[in-house]
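To start, the structure itself, in structure tokens.
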Protein chains: 2
Amino acid sequence: MNALFKALNDPTRRAILERLRNGPATAGAIAEQFQFSAPTISHHLDLLRQADLVTSQKQGQFVVYTLNMTVFDELLGWLYQFKS
Amino acid sequence: MNALFKALNDPTRRAILERLRNGPATAGAIAEQFQFSAPTISHHLDLLRQADLVTSQKQGQFVVYTLNMTVFDELLGWLYQFKS
DNA sequence: TCAATGTTTAGGCAAATGTCTAAATAAAAC
DNA sequence: GTTTTATTTAGACATTTGCCTAAACATTGA
């Protein structure tokens with residue numbers, strides 16, 4: 001839960017998630033969309049992975065990142081307790 | 001959106017929100033539940049207010065904090081785009 | 001094998017964060 | 001009117017965060 005909220009608490013990381021809504025992408029393709037350096041984006045991706053918001057698979061020299069939506073259910077569950 | 005995620009990215013603040021699920025409470029009553037100083041809790045309450053997650057009304061020498069659930073809809077809306 | 005490409009790791013730095021104590025403000029009680 | 005009670009503001013400090021550059025690692029291609 002901590003890692004989840006931490007990962008979401010950054011506009012760049014949220015933008016990465018929105019980018020991945022359109023389908024998986026390599027680290028490089030993701031980094032191209034932003035004005036930050038590749039290491040910076042790599043670090044953001046690491047935090048997203050720690051929160052289980054994305055998964056990564058190595059494909060040759062590329063690393064493909066994929067959105068993992070199942071963890072959103074945890075967040076929805078947390079929110080739901082406030083809606084009653 | 002930034003203030004919202006920022007406010008949620010702290011276990012103490014989330015615990016305050018859960019506390020307020022049971023109804024409004026004064027700053028002092030909230031502070032009693034935690035091991036932090038009153039100024040620290042006051043600061044947390046300020047961040048929650050900035051995110052519009054709580055409202056505050058002064059009642060005599062007390063300040064009563066109330067959960068504001070309407071802002072959760074914004075968060076639900078953001079989440080929803082990922083569920084399709 | 002050597003060079004190029006894609007990504008991560010390491011280390012450094014400024015800014016933001018979470019905590020504290022001390023002081024200020026405001027209302028209540030004596 | 002002075003003291004107590006409730007809360008916030010101010011300022012300090014250690015830790016975390018987000019960024020960078022340089023270097024390392026891993027794979028592909030000549």
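Throughout, a chain's letter reflects where its sequence line sits, starting with A, and its residues are numbered from 1. Computation of the quantities below employed the complete heavy-atom set of this structure, encompassing side-chain atoms and omitting hydrogens, waters and symmetry-equivalent molecules.
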Tell me which donor-acceptor pairs under 3.5 Å the side chains of residues 62-76 of chain B have, and how far apart each pair is, sequence neighbours excluded?
unit_1, atom_1, unit_2, atom_2, d
Tyr65(B), OH, Arg49(B), NH2, 3.1
Asn68(B), OD1, Thr70(B), N, 3.3
Asn68(B), OD1, Thr70(B), OG1, 2.9
Asn68(B), ND2, Asp52(B), O, 2.8
Asn68(B), ND2, Asp52(B), OD2, 3.4
Asn68(B), ND2, Thr70(B), OG1, 3.3
Asp73(B), OD1, Lys83(A), NZ, 2.8

Using side chain to side chain donor-acceptor pair (under 3.5 Å) as the criterion, list what pairs up with Gln61(B), not counting sequence neighbours. none
For Ala25(B) versus Leu20(B), what's the shortest heavy-atom pair and its separation? N-CD2, 3.8 Å
Considering residues at least two apart in sequence or located in another chain, which fulfil the side chain to side chain donor-acceptor pair (under 3.5 Å) criterion with Asp10(B)? none
Donor-acceptor check, side chain of Arg14(A) to backbone of Leu8(A), threshold 3.5 angstrom: yes or no? yes
Which atom names give the shortest non-hydrogen contact between Ala3(A) and Ala51(A), and what distance separates them? O-CB, 3.4 Å
The correct set of residues in residues 43-64 of chain B placing a heavy atom under 4.0 Å from DNA chain D is Gln61(B), Phe62(B), Val63(B)
Short question: side chain of Arg13(B), backbone of Leu45(B) - any donor-acceptor pair under 3.5 Å? no
Taking side chain to side chain donor-acceptor pair (under 3.5 Å) as the test, write out the residues that go with His43(B), two or more places apart. none
Rounding to 0.5 Å, atoms OG1 (Thr12(B)) and NE2 (His44(B)) come to a distance of 4.5 Å
Outermost contacting nts on DNA chain C, any atom under 4.0 Å from chain A heavy atoms, listed 5' then 3', are dT5(C) to dT9(C)
Kindly determine whether Leu47(B) and Leu53(B) satisfy side chain to side chain contact (heavy atoms under 4.5 Å, CB included), including the steps that lead there. CA-CA 9 Å; Leu47(B) 290 176; Leu53(B) 284 162; over 6 Å; no
Atom pairs and distances, donor-acceptor, side-chain atoms in residues 31-40 of chain B, under 3.5 Å, two or more places apart:
unit_1, atom_1, unit_2, atom_2, d
Ser37(B), OG, Thr40(B), N, 3.4
Ser37(B), OG, Thr40(B), OG1, 3.1

DNA chain D: 5'-most and 3'-most nucleotides touching chain A, 4.0 angstrom heavy-atom criterion: dT17(D) to dT28(D)
Near DNA chain D, which residues from residues 2-14 of chain A have a heavy atom under 4.0 Å away? Lys6(A), Asn9(A), Asp10(A), Arg13(A)
Minimum-distance pair of heavy atoms, taken over all atoms of Leu17(A) and Trp78(B): CD1-CH2, 4.1 Å
Close residues, residues 27-42 of chain B, relative to DNA chain D [heavy-atom separation under 4.0 Å]: Ala27(B), Gly28(B), Ala38(B), Pro39(B), Ser42(B)
Where Thr55(B) and Gln57(B) come nearest, the two heavy atoms and their spacing: OG1-NE2, 3.5 Å
Could you tell me if the side chain of Glu18(B) sits less than 4.5 Å from the side chain of Gln81(A), heavy atoms only? yes
